[in-house]
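Only one structure is covered here, and it is reproduced in the block below.
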Amino acid sequence: MNRGVLVVLSGPSGCGKDTILHHYLEGREEVFLSVSATTRSPRPGEIDGVSYFFLTEEQFREKIDHDGMLEYACYCGNYYGTPRDTVYEKLNAGIDVILEIEVQGALQVKKRCPEAVMIFVMPPSIKELRSRLVGRGTEDMETVEKRLLKAQEEMKAASQYDYIIVNDLVEQAAADLHAVLRSQRLKTENQKEFLNEVFHYDA
Ligand code: ADP
Ligand code: 5GP
């Protein structure tokens with residue numbers, strides 16, 4: 001069995017990562033979207049263990065101390081991290097894994113897993129980013145301003161990623177994500193097991 005492909009998806013808050021993933025994942029069972037841990041408070045409608053694992057700072061630190069995180073970062077005053085074991089279990093079972101994470105954590109993953117495919121999502125403009133963040137209505141204005149400042153800094157890191165997807169029309173962005181993942185699956189290095197099976201087939 002071929003190992004799954006590890007995909008890292010980043011982009012400034014409000015650019016539409018969740019929306020693209022929602023479109024892309026609809027009806028797709030062969031891809032696993034990693035559930036992160038965070039110390040931020042749940043938004044209305046967010047479910048523990050589904051949207052995030054909501055932890056206290058003490059619980060989060062304990063996870064780090066036991067090497068339970070593949071990566072982690074502090075973002076706008078809260079900790080976010082990827083629980084390590086589930087990611088490796090899925091990849092070893094041949095399932096592609098998507099990590100929707102911010103830039104500092106993404107660069108840690110790139111160091112630890114150089115084979116990861118790095119995708120950066122950009123908004124069509126800063127003006128549109130602001131309007132999406134405000135329109136989402138999940139953060140107060142102070143947090144929106146913090147996230148917009150952070151966005152300018154994060155977008156400078158886009159050149160360290162393998163692909164850039166501009167989220168103008170969400171359907172197009174989801175199709176672009178599909179194209180990147182499909183081409184990655186077709187890479188020779190991701191089909192070694194298949195080649196092995198064909199060559200060693202005892203007719
Ligand atoms: P992120 O996950 O990157 O923080 P979201 O997916 O939550 O961003 O999107 C932020 C807001 O922008 C949401 O209200 C969403 O409905 C809206 N949005 C996302 N993509 C688009 C798009 N292509 N065109 C217009 N609005 C969008
Ligand atoms: P939000 O609070 O809007 O859900 O997420 C804020 C930022 O944290 C987003 O850029 C999101 O991609 C990022 N994020 C979510 N989970 C993780 C994670 O496990 N690790 C890291 N490094 N960032 C994460």
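Order of appearance sets the numbers: ligands from 1, and atoms from 1 within every ligand.
Closest heavy-atom contact between R185 and Q191: O-CG, 3.6 Å. Residues P83 and M69 come closest through the heavy atom pair N-SD, 4.0 Å. Taking every heavy atom of both residues into account, A116 and D162 meet most closely at O-OD2, 3.8 Å.
Near G81, meaning under 4.0 Å from any of its heavy atoms, are these atoms of ligand 2: 18 (C), 19 (O), 20 (N). Residue S36 has at least one heavy-atom neighbour below 4.0 Å for each of these atoms of ligand 2: 16 (N), 17 (C), 18 (C), 19 (O). With ligand atoms numbered from 1 in the order given, ligand 2 contributes 1 (P), 2 (O), 4 (O) to contacts under 4.0 Å with heavy atoms of R40.
For the atom pair CD (Q104) and CD (E154), the distance works out to 8.0 Å, reported to the nearest 0.5 Å.
Put simply, the side chain of T82 never gets that close to the backbone of E71: no donor and acceptor are under 3.5 Å apart. Side chain of K110 to main chain of Q160: a donor-acceptor pair is present (N/O by atom type, distance under 3.5 Å, no hydrogens or angles). Formation of a donor-acceptor pair under 3.5 Å by the S51 side chain with backbone atoms of I47 is found in this model. In terms of modelled atom types and a separation under 3.5 Å, the side chain of R132 and the main chain of G16 share no donor-acceptor contact.
Of the protein's non-hydrogen atoms, the one nearest atom 20 (N) of ligand 2 is E71 OE2, 2.7 Å. In terms of protein heavy-atom proximity, atom 5 (O) of ligand 2 is closest to Y52 OH, 3.4 Å. The protein non-hydrogen atom at the shortest distance from atom 10 (O) of ligand 2 is E102 CB, 3.7 Å.
In Y75, the part holding a heavy atom less than 4.0 Å from any atom of ligand 2 is the side chain. Here R147 has side-chain heavy atoms under 4.0 Å from ligand 2, and that is the only part of it that gets that close. Contacts between Q104 and ligand 2, counted as non-hydrogen atom pairs separated by less than 4.0 Å, are absent for every part of the residue.
The side chain to side chain contact (heavy atoms under 4.5 Å, CB included) test with F32 is passed by exactly one of L91, T86, I98, L25: T86.
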Would you be so kind as to tabulate the donor-acceptor pairs closer than 3.5 Å made by side chains of residues 169-181, with sequence neighbours excluded?
from, atom 1, to, atom 2, distance (Å)
Q172, NE2, D176, OD1, 2.8
H178, ND1, R28, NH1, 3.4

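For E89, there are no salt bridge (Lys or Arg N to Asp or Glu O under 4.0 Å) partners two or more places apart in sequence or in a different chain.
In terms of N/O distances under 3.5 Å, ligand 2 is approached by Y80.
The immediate protein surroundings of ligand 1, defined as residues with any heavy atom under 4.0 Å of it, consist of P12, S13, G14, C15, G16, K17, D18, T19, R132, R136, N167, D168, V170.
L186 forms part of no hydrophobic cluster, judged by ILVMFWY side-chain heavy-atom separations under 4.5 Å.
Relative to atom 9 (C) of ligand 2, the option among E100, R136, K150, R43 with the closest non-hydrogen atom is E100.
Residue contact check for ligand 2: Q108 places no non-hydrogen atom closer than 4.0 Å to it.
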